[in-house]
2 protein chains.
Amino acid sequence: MEPRDSMSFDEFKQLAMVSMEEMCREIFKENQASIKIKKEAVALKNLARIFNTTLRLANEKGFQTMSLRDLSRASGMSMGALYSYFSSKEALLEMIQNRGRRLTRKILSRLVDPAQDPAAKLETAIRAHLYLTEVMLPWFYFSYMETKNLDKIQQKKSIESELATERMFIEILDEGKRQGVFRVADCVLTASVIKAMLQDWYLKRWKYTRRQVSVDDYAGFVIDFVESAIHAPLAKRPEEKGGQDGSRG
Amino acid sequence: MEPRDSMSFDEFKQLAMVSMEEMCREIFKENQASIKIKKEAVALKNLARIFNTTLRLANEKGFQTMSLRDLSRASGMSMGALYSYFSSKEALLEMIQNRGRRLTRKILSRLVDPAQDPAAKLETAIRAHLYLTEVMLPWFYFSYMETKNLDKIQQKKSIESELATERMFIEILDEGKRQGVFRVADCVLTASVIKAMLQDWYLKRWKYTRRQVSVDDYAGFVIDFVESAIHAPLAKRPEEKGGQDGSRG
DNA sequence: CAATAAAAAACGAACGATCGTTCTATTTTT
DNA sequence: AAAAATAGAACGATCGTTCGTTTTTTATTG
């Protein structure tokens, strides 16, 4: 699929759903040593059920607090059946993390377009991240909340993933700054607060749902807000004023 | 103490430490029915020890995952001793939440100054919140992460507290908009993303520590960033341009 | 197609470990 | 000596995990 300047949320959702199945299959094949189920069709169906039920329960009460008996009850599978799909509770956690990270990487890699100008790139990146977190909301929330319960290796991966996302924004901002279209005092901190705003979408989802703010509403607002901030003369820095009109194509 | 236009972080810290002891005493007197310790001096010293140790352990592995034996070991108090200070693990959680909320309310109430103009108010509010979360970082992180483990009543209180903070920003933005000094497309969403930026300070503290960004650095940046965003003409809305120079006293 | 043997999957009782909590004995302070 | 505070063993419940049994599906045969 070709990357495009703008993609509707519905198109994005469809793209994600296809990748979702793909990822389950990859996970299954990689963990076939520890998974006792032989037939792919059976395994994929039940793995998806286990993953989704776990995400739901863990987002309600936390992964550690959720017992495997809770999971058994909610998923309609017996304890013995569950242990045919993973070797331990921690292994289940790792599989879920693994699937989410793969899915994130896969979807994002399809959406970057090096040919765009910095302003368009910024808009695409913000929108793509919000769409992504919207589609995979349970996972992102889960992943954020359970980081501390992962082993050191997995924690490293989470941090690395976080910093990689931020680095992408830093590069866009840097490029725009060099081209003179952005007026950024500190690219690292700016990328940091942009990421904070994007994160709020899945961490405080209840708030936006209650206020009937759609993902497109929020995306539009954040894009405008950020562009206003980095197109304007810096407040309290009179020596940097002038030579700026703020207009874009 | 009189509210002032600007207060250094060190002054703020001192103010907070005094209130901290005060709050422990209040908590002790209110829960005297369930606390088996008679002498205030002993109770206050050990309550503080229990609270701080709990916050440390819970921020490492989560409150539910932390066993009371962990707490016993880390605090150097026996199981029996611990249960002289609280009636159950959940009661301990509530006491900690209670102390944090009180402390927050107390400190913030001392820092609002209705006489300031909107821009100064905004700056004071941002700085005060960052200082507050810096001083009480373990609690804010704890409180955020453990919300889902609270009972319904305590959850309501947390949400209410979150919305109250946001409302404060909404009112400042609204006032500035009415006076024509702020150019805000949506006060609610703007307040929301400001809060998200403030929250990032204590949720991603490791990142800022690693980069050697101080709380004053971050406060200064956020204030500049937000003011740039709401002083500038809105991007992509040419009909709202003009008659704006962005300068302030 | 029906019957049946083999393979795959699901089941749920049982195990040891650990949890929150209680309680009595002991130590420390008054 | 009395009161206050601490100690740590003990209890029942629940946890993650295992394992022999039963049920379901697939393959084979008459």
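Predicted model only: the values in this text are computed from it and were never measured. Just so it is clear: chains get the letters A, B, ... in the order the sequence lines come, proteins before strands, and each one is counted from 1. Quick note: numbers below take in every heavy atom, side chains included, and nothing from hydrogens, waters or symmetry partners.
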Presence of [X] side-chain N/O under 4.0 Å of [N] phosphate oxygens OP1/OP2:
X	N	answer
B:Lys89	C:dG20	yes
A:Asn46	C:dA10	yes
A:Lys38	C:dA8	no
B:Tyr85	D:dT6	yes

Looking for any heavy atom pair under 4.0 Å, which part of the strands does B:Ser84 touch: base, sugar-phosphate only, or nothing?
->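 The residue B:Ser84 makes base contact.
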
Which part of the nucleic acid, if any, lies within contact of B:Asp70, taking any heavy atom under 4.0 Å across all strands shown: a base, the sugar-phosphate backbone alone, or nothing?
->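 No contact.
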
Nearest listed nucleotide, side chain of [X], among [options]:
X	options	value
B:Met79	C:dA9, D:dA9, D:dG16	D:dA9
A:Ser78	C:dA10, D:dA10, D:dG8	C:dA10
A:Ala81	D:dT6, D:dT17, C:dA10	C:dA10
A:Val42	D:dA5, C:dA10, C:dG20	C:dA10

Salt bridge between A:Glu162 and A:Lys195, side-chain N to carboxylate O under 4.0 Å?
->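 Yes, this pair counts.
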
Provide the closest heavy-atom pair for A:Ala191 versus A:Glu166 in the form atom of the first, atom of the second, distance.
->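 Between these two residues, the closest heavy atoms are CB-O, 3.9 Å.
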
Taking CG from A:Leu68 and P from C:dC19, how many angstroms apart are they, rounded to a whole number?
->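 After rounding, the reported distance stands at 16 Å.
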
Would A:Tyr131 and A:Phe9 count as a close aromatic pair, with their ring centres under 6.0 Å?
->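 Between A:Tyr131 and A:Phe9, the centre distance is under 6.0 Å.
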
Aromatic plane relationship, B:His129 with B:Phe169 - under 30° parallel, 30 to 60° tilted, over 60° perpendicular =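 Judged by the thresholds at 30° and 60°, the geometry between B:Phe169 and B:His129 is tilted.
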
